K.L.:
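Handing you this structure, nothing more for now.
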Amino acid sequence: MLRKLLLLLSLALVAILVVIGRDVADPEWKQYQRAYFDLAMANARTEAERAWAEGQRLEIRQVEVKGLGRVDRCTTCHLAIEDPRMTSAPEPLRAHSALVQSHPPQRLGCTICHGGEGRAVTSLAAHGEQGEEPSRLLKGELIQAACFGCHGRQTLPPRDIAAVIRGERLVNQYKCLRCHQVRGQGGSEGPDLSTVGSRRDWVWTYAHLLNPQAMSPGSTMPDYPLTGDEARDMTAYLLTLRGPDGEVHDRRFLPQSPAPPALAARQVAEEVALRGLENIPAPVYRGETLFWGAGCGNCHAIGRRGGEVGPALTYIGRSRDAEWLERWLKDPAAVVPGARMPRSYLNERQIRALVEYLGMLGK
Amino acid sequence: MKIGRPFADDARSCSRSIGSRRLLWLPERASEVSGHIWRSFVRQGYPVTVRERTAIMVNNFFLHVHPPRVHPHSLRPTYTLGLGLITALLYAILAVTGLLLMLYYVPATAEAYGKMQDLIFVVAFGRLVRNLHRWAAEAMVVAAFLHMCRVFYTAAYKPPREFNWVVGVALLLLTLALSFTGYLLPWDQLSFWAITVGTGIVSYFPLLGDGIRFVLLGGDTVGGEALLRFYVLHVGILPAATTVLIAYHFWRIRKDGGLARPAQAGNNHAATVLSFPRVAAIELLLLLALLVFLVPVSHVFDAPLAQIANPEHPPNPAKAPWYFVGLQELVSYSAFWGGIIVPGLVLLGLLLLPYLDRRPHGIGEWAFRQRRWAWILWTAFVLVTAVLTLVGAQFRGPNWNFYWPWEGWPGPG
């Protein structure tokens, strides 16, 4: 009896291991690779193409993005993204749009724009549709939000970020900043949205905009009558608000800009150190270089650069006029009693240059 | 299967019950050629006579932990339910799978989560090994607790086995500690917040609470130091302590006269039977049964892995690992009473139990009639623990509000 049981269980275990072994040896991605190479073989016209299709091995392909700690294995299934013959093939074998030429996947990977789980090699997991808190791929126009991870707003052509611009307009139209804060501006009624893009999955944000109470029980946020398109555009904008973790700091990924502003600022700073600020005539620099050279940027941010002590000034030109800015810069405490910002030591012309620059911001 | 009936000791019945020597490929004919080499690593051939079957328990390294003869009462499956053995076998499975996982895991916040994904998606059989480790760990917590229940119900902690019960309680705590430290290692949202909540309970300990938590985490919050510390505890310190204590637990079983049994079962040499081959066969059988159960389960059901840990985004509710959720439920009523007094009294009661309850009633038997109140008290303890755990795990939603299962929580966090 005991002996028979031992034999039975041993055989059962061996059978189980054989079944599992066959499962493990035939993962989903191998089907796609086989389909691709079969297709390439069938459509091969030259001997070289045939030899290429024959010589391909079924293997996991990955891009390791140095400096970002990302490993993207998307090309294990989407292995034809740079094959011009595959522009009308069904997914996952379709070729990528022309954008792939300026964003080489061998260097950047895929998830940097598309989101999802780069290390996964099953479609459900890789597309972030599994688990308790899914991180789904950015779909349709939402992907515009990803551009902001690397590119500054000014460098992006408006037609490429149309949804984000519409979304930002809607955020202003619905006066979201009456209650929410973004980088130090806005009310304190609702949660700070400065990093909402890296905290929340887009599905959550989208659903929350359409029905706040359903996603956050007991939320006091009004249920605005948004259309699906409006909610999508606002989501696209909110996704661009990311914390330091969600941003790409590695400047190697950016196209070389002709004149980095930091250089000009350093020159001014050196001159200030050499000659004393009051001795430099205003026309030597513009407001922008003054902003970074005279130390405003230590406390205030413009865009993604600058300090966090004072409010961000990215859109200050919209909310304050030149006359107010001038009064403020001369003596903050005279405008708002108890203001923390120190009194200015700038001369008249320097203040005017700075006001001119600040007045432009956000317009 | 007729377990508990003494075996006939003659060679023929032995070979009938376990198989011929040729089946096991033992060198009878080949001995002239390879006998010398074979003898160099097998100190004794397949034992046939009573003398040989007694000697093999000493001569064989792996059998050495067993006594040469056992009382048939100890072999009754309905007496032990095999729970102690199952717990020990699960520990062995955990040691093997754990060592395999160590080949890939890196205890650093920047890499740990990526390594989990690599294990799941890229490493051959990595997903299976990880799932096995996880489900065996959950099973070991359950098996150790059930083993303790069995020992209580059969009064096996009574003299002279008091101290081995205390060792068993320590082993249960070590099992929980092993499970808890392992919980953090995937570095996902579940593990991060479960450990944040779990170590939060520690800080309710009077005076020393915050200090203990600081030492445990290597800081005030769960971070890189905590991950490294938990890793070292999980793969080094705690397994070493557990292995030594398990060995001591086994050793004490023999020194205390084998498994507990009723006085009328008899205690002399004539009442015992040879351990070989039945004990070894039963152990192998249980190991195979466990694997036949756990391997398919681990192939089909994935161990949980949420998003990567994000200290800025706490889930609501944030729950401790399930075996501490009952404690978390208690803490939600009162941090001091639920977090310190009640669990402290339970632990003290468990440790002192064999020294308080010394009446020699019902030893080695499932004897409800002789120990009515003990049974009722223990069953009440088990039920309360189970209900608290169930409520904490299943019926608590956002802000630790109570929800019936059919109500559903209002939206994801």
Side-chain angles (χ1 to χ4, degrees), chain A residues 1-17 19-21 23-25 27-29 59-60 62 69-71 73 76 117-122 125-126 128 130-135 195-196 198-201 203-204 207-208 211-219 243 245, chain B residues 1-3 16-19 23 110-111 113-128 188-190 277-278 281-282 284-296 298-300 302 304-308 310-313 315-316 397-399 401 409-413:
Chain A
M1 180 69 184
L2 209 54
R3 191 179 143 213
K4 274 185 194 150
L5 263 174
L6 275 175
L7 191 69
L8 191 75
L9 285 176
S10 307
L11 290 177
L13 190 61
V14 170
I16 287 164
L17 289 176
V19 170
I20 292 177
D23 253 22
V24 169
E28 186 185 348
W29 57 266
E59 61 191 0
I60 286 183
Q62 65 180 29
R70 280 171 195 256
V71 178
R73 306 201 168 107
T76 300
E117 289 292 346
R119 285 175 190 257
V121 289
T122 61
Q130 224 171 21
E132 299 207 357
E133 280 177 71
S135 57
T195 61
V196 70
S198 48
R199 276 190 290 122
R200 295 293 192 185
D201 174 44
V203 177
W204 191 94
H208 183 85
N211 188 349
Q213 281 73 29
M215 299 308 282
S216 302
S219 166
D245 290 350
Chain B
M1 182 170 27
K2 289 181 204 145
I3 290 184
R16 251 208 321 278
S17 66
I18 202 70
L23 182 76
E111 290 176 71
Y113 186 77
K115 293 293 178 189
M116 302 314 289
Q117 290 182 315
D118 285 356
L119 267 171
I120 294 170
F121 294 113
V122 185
V123 176
F125 293 99
R127 193 182 74 97
L128 181 74
D188 65 344
Q189 277 288 74
L190 286 173
R278 177 140 268 182
I282 288 174
L284 189 60
L285 189 76
L286 265 179
L287 177 64
L288 282 173
L290 273 177
L291 288 175
V292 164
F293 173 70
L294 279 176
V295 171
S298 301
H299 182 58
V300 175
D302 277 334
L305 185 71
Q307 294 283 297
I308 189 167
N310 182 352
E312 287 174 12
H313 182 19
N316 187 0
N399 306 324
N401 288 328
W409 298 354

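In this text, all values refer to a predicted model and were calculated from it rather than measured experimentally.
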K.L.:
Using a cut-off of under 4.5 Å on heavy-atom pairs, state which of Leu13(A), Ile20(A), Leu8(A) scores highest against chain B.
P.N.:
Ile20(A)
K.L.:
Taking only residues two or more places apart in sequence, or in another chain, which ones meet Asp23(A) in a side-chain contact (heavy atoms from CB on, under 4.5 Å)?
P.N.:
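Scan of Asp23(A) (side-chain contact (heavy atoms from CB on, under 4.5 Å), adjacent residues dropped) gives His299(B).
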K.L.:
Which region of Leu128(B), side chain (C-beta onward) or backbone (N, CA, C, O), has a non-hydrogen atom less than 4.5 Å from a non-hydrogen atom of chain A, or is it both or neither?
P.N.:
side chain
K.L.:
Name the member of Pro304(B), Pro296(B), Ala124(B), Ala110(B) that forms the most heavy-atom pairs with chain A at distances under 4.5 Å.
P.N.:
Pro296(B)
K.L.:
Give the member of Leu291(B), Val295(B), Asp118(B), Leu284(B) that has the highest number of heavy-atom pairs under 4.5 Å with chain A.
P.N.:
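Answer, by heavy-atom pair count under 4.5 Å with chain A: Asp118(B).
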K.L.:
Any non-hydrogen side-chain atom of Glu117(A) less than 4.5 Å from a side-chain atom of Gln307(B)?
P.N.:
yes
K.L.:
Give, as side chain, backbone, both or neither, the part of Val24(A) having an atom under 4.5 angstrom from any heavy atom of chain B.
P.N.:
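Val24(A) touches chain B through side-chain heavy atoms alone.
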K.L.:
Could you tell me which non-hydrogen atom of Thr122(A) sits nearest to which non-hydrogen atom of Phe121(B), and how far apart they are?
P.N.:
OG1-CE2, 3.8 Å
K.L.:
Can you name the residues that form a side-chain contact (heavy atoms from CB on, under 4.5 Å) with Ala289(B), not counting sequence neighbours?
P.N.:
Leu9(A)
K.L.:
Run the side chain to side chain contact (heavy atoms under 4.5 Å, CB included) check on Val122(B) and Arg73(A) step by step: do they pass?
P.N.:
CA-CA 10 Å; Val122(B) 185; Arg73(A) 306 201 168 107; 3.1 Å; yes
K.L.:
Please find the pair of heavy atoms, one from Leu6(A) and one from Ala281(B), that lie closest to each other, and give the distance.
P.N.:
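Taking Leu6(A) first and Ala281(B) second, the nearest heavy atoms are CD2-O, 4.0 Å.
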